[in-house]
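Below is one structure; the comments refer to it alone.
The chains referred to below are lettered A, B, ... by the order of the sequence lines, with proteins before strands, and numbering in each begins at 1. Being a predicted model, the structure only gives us computed values, none of them experimental.
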Number of protein chains: 2
Amino acid sequence: MRLHSSRSTDDRLLEAALELLGERGYEGATTRRIAERAGVAEVTLFRRFGSKARLLAEAVRRAGADFEEAAARPSGDLKADLHALAGRYLRQWRRAGTFPFVVAGAAAREPELRRALEEALAGRLATVRAFFEHYQRQGELRPAPAGSLIHAFFGPLVSAALFGAALEGAPALDVEAHVEGFLGGWAA
Amino acid sequence: MRLHSSRSTDDRLLEAALELLGERGYEGATTRRIAERAGVAEVTLFRRFGSKARLLAEAVRRAGADFEEAAARPSGDLKADLHALAGRYLRQWRRAGTFPFVVAGAAAREPELRRALEEALAGRLATVRAFFEHYQRQGELRPAPAGSLIHAFFGPLVSAALFGAALEGAPALDVEAHVEGFLGGWAA
DNA sequence: GATGAATGTAAGCGCATACTAACACCAGTA
DNA sequence: TACTGGTGTTAGTATGCGCTTACATTCATC
């Protein structure tokens with residue numbers, strides 16, 4: 001399969017797979033529905049990706065790469081960077097809906113998915129870690145372990161997105177206040 | 001169904017459902033497997049709960065109640081309370097594995113599950129909110145919106161648990177440092 | 001010892017799933 | 001013209017799903 005990559009067919013399948021993963025979960029993203037949404041015959045899906053598992057793993061890898069593009073590159077102005085980061089991050093989670101939870105849940109029992117997820121997360125993590133370490137070297141952040149900074153800054157964004165997606169009256173996160181609180185706790 | 005509640009049968013079904021939800025996801029938690037693990041005939045499951053959806057919703061409600069028991073009751077010593085809270089919370093998430101993500105993902109397409117999840121979360125949320133508001137009244141925490149405090153404190157715990165469950169080399173969370181950072185940002 | 005509630009056993013229904021086989025079409029290239 | 005690679009169409013397969021029906025068994029209470 002995937003002899004000469006006919007890009008647009010693969011693209012449409014991957015995109016449809018991504019959408020349906022978020023909307024319907026792993027088992028709900030059936031090969032029929034994916035093919036239908038992509039405007040392609042079901043058999044084409046199998047011809048090009050071999051199996052549902054490989055298609056979905058590939059789709060997750062691609063979603064990870066998209067996420068990566070918006071990653072953290074220090075500009076020199078820590079506070080401005082944090083604001084921009086938080087905004088972009090929240091927007092991505094909001095657009096993703098339940099997708100990350102579906103994938104995290106399914107990854108436990110789908111080895112191909114798990115590998116794709118680990119790759120995607122590891123890439124993101126390295127970028128973010130480098131971001132914080134940069135500002136530690138500049139002396140603007142305390143020399144705490146990068147893990148602490150990462151969780152202190154991204155954790156509240158994650159929980160706001162998670163509870164926002166799952167619960168109607170979830171408590172809101174004020175980005176302004178969050179950045180202030182983070183700097184209060186971790187600025188040098 | 002559920003005429004005279006024969007507790008142990010229901011209990012075993014609910015427990016098995018909870019385990020399988022975490023291990024196999026919503027669709028992977030089949031009625032046959034749940035019944036087998038509970039040591040009960042499949043038909044008994046339907047006689048007592050009527051449908052798979054109702055059984056799983058009930059199981060989620062129960063998991064929420066268990067979580068609730070360990071909830072926050074202010075002792076007067078803020079720092080000690082935060083430590084205890086963080087420890088208990090992390091332990092619960094760790095034991096839960098991917099269960100919360102499975103539920104969050106499935107809730108989007110299973111209305112009964114969604115209602116159960118919303119109930120469980122709303123209960124938890126109220127307790128936690130009361131905890132922070134107590135210490136605000138004592139003048140030990142800044143008078144920020146409760147949502148900001150909740151996300152600032154629990155967010156890092158959630159992200160640590162999430163990435164810990166999904167990724168081998170996830171960055172660790174130092175609870176000690178986390179509480180320090182939180183107080184640095186939000187203590188009055 | 002009869003009653004009735006809770007459970008078990010066995011068989012199966014209708015349906016959707018992931019995936020395959022066989023064959024037809026069509027565009028671009030040699 | 002002939003070939004070839006990508007796709008579509010149609011019709012499957014085997015499997016597992018949620019759920020039901022009919023009948024048998026256990027066991028405490030009256």
Side-chain angles (χ1 to χ4, degrees), chain A residues 1-21 23-60 102 105-107 109-114 116, chain B residues 1-21 23-60 102 105-107 109-114 116:
Chain A
M1 37 244 49
R2 205 179 299 102
L3 307 161
H4 291 195
S5 77
S6 125
R7 272 298 65 191
S8 85
T9 299
D10 288 6
D11 280 356
R12 271 149 53 211
L13 279 170
L14 290 167
E15 197 173 325
L18 233 30
E19 290 175 16
L20 282 166
L21 257 186
E23 291 173 22
R24 303 267 213 160
Y26 189 90
E27 284 79 6
T30 68
T31 53
R32 293 212 229 290
R33 281 203 266 256
I34 294 170
E36 188 193 356
R37 180 164 306 190
V40 147
E42 190 188 5
V43 73
T44 296
L45 184 161
F46 288 100
R47 282 199 275 237
R48 302 205 63 76
F49 291 92
S51 74
K52 170 180 170 173
R54 281 214 279 280
L55 166 64
L56 293 191
E58 187 60 36
V60 165
V102 166
R109 60 214 134 85
E110 298 291 338
E112 301 220 44
L113 243 202
R114 177 166 187 100
Chain B
M1 39 241 52
R2 203 180 298 101
L3 308 161
H4 292 195
S5 78
S6 124
R7 271 300 62 191
S8 86
T9 299
D10 288 7
D11 280 356
R12 270 149 55 210
L13 279 168
L14 289 167
E15 197 174 325
L18 233 30
E19 289 175 17
L20 282 164
L21 257 185
E23 290 173 22
R24 304 268 213 160
Y26 189 90
E27 284 80 6
T30 68
T31 54
R32 294 212 226 288
R33 279 203 268 253
I34 293 170
E36 188 194 355
R37 179 163 307 189
V40 146
E42 190 188 4
V43 73
T44 296
L45 183 162
F46 288 101
R47 282 200 275 238
R48 302 205 62 77
F49 292 93
S51 73
K52 169 180 171 173
R54 281 213 280 281
L55 166 64
L56 293 192
E58 188 60 36
V60 165
V102 165
R109 58 214 137 84
E110 298 291 338
E112 301 220 43
L113 243 202
R114 180 170 185 95

B/Arg114: side chain to side chain donor-acceptor pair (under 3.5 Å) partners, not counting sequence neighbours: B/Glu118
Whole-Å gap separating P (D/dT7) and CZ (A/Phe49): 10 Å
Heavy-atom check, side chain of A/Ile34 versus side chain of A/Leu13, under 4.5 Å: yes
Whole-Å gap separating P (C/dC19) and CD (A/Glu27): 13 Å
Spacing between A/Phe46 atom CZ and D/dG6 atom P, to the nearest angstrom: 19 Å
Euclidean distance, B/Leu113 CG relative to B/Leu56 CG, rounded to 0.5 Å: 6.0 Å
Residues that B/Glu23 engages under salt bridge (Lys or Arg N to Asp or Glu O under 4.0 Å), provided they are two or more places apart: B/Arg37
Phosphate contact (D/dT7 OP1 or OP2) by A/Arg48 side-chain N/O below 4.0 Å: yes
Side chain to side chain donor-acceptor pair (under 3.5 Å) partners of B/Arg24, counting only residues at least two apart: none
d(CG, A/Leu13; C1', D/dG6) in whole Å: 13 Å
Residues, nucleotides or ligands: over 12 heavy atoms within 6.0 Å of B/Glu112 CD: yes
Separation of atom CD in A/Glu110 from atom C1' in C/dA18, rounded to whole Å: 12 Å
For atom CG of B/Asp11 and atom C1' of C/dA6, their distance in whole Å: 15 Å
Axial bend angle, the helix from C/dG1-D/dC30 to C/dA30-D/dT1: five-pair end segments, nearest 10°: 10°
Stretch residues 34-44 of chain B: residues that reach within less than 4.0 Å of DNA chain D through a heavy atom: B/Glu42, B/Val43
Interatomic distance, A/Arg48 atom CZ to A/Asp10 atom CG [nearest 0.5 angstrom]: 4.0 Å
Proximal nucleotide (of D/dG12, D/dG18, D/dC19) relative to the A/Arg32 side chain: D/dG12
Distance in angstrom units between A/Arg24 CZ and C/dA18 P, rounded: 12 Å
Atom-to-atom span, NZ of A/Lys52 to P of C/dT20 - whole angstrom: 14 Å
Rounded distance (nearest 0.5 Å) linking atom OH of A/Tyr26 with atom CG of A/Leu20: 13.5 Å
Phosphate OP1/OP2 of D/dG16 contacted by B/Thr30 side-chain N/O (<4.0 Å): no
With sequence neighbours excluded, residues passing salt bridge (Lys or Arg N to Asp or Glu O under 4.0 Å) with B/Glu27: B/Arg109
No-H, no-angle donor-acceptor pair, A/Arg47 side chain to D/dG8 base, under 3.5 Å: yes
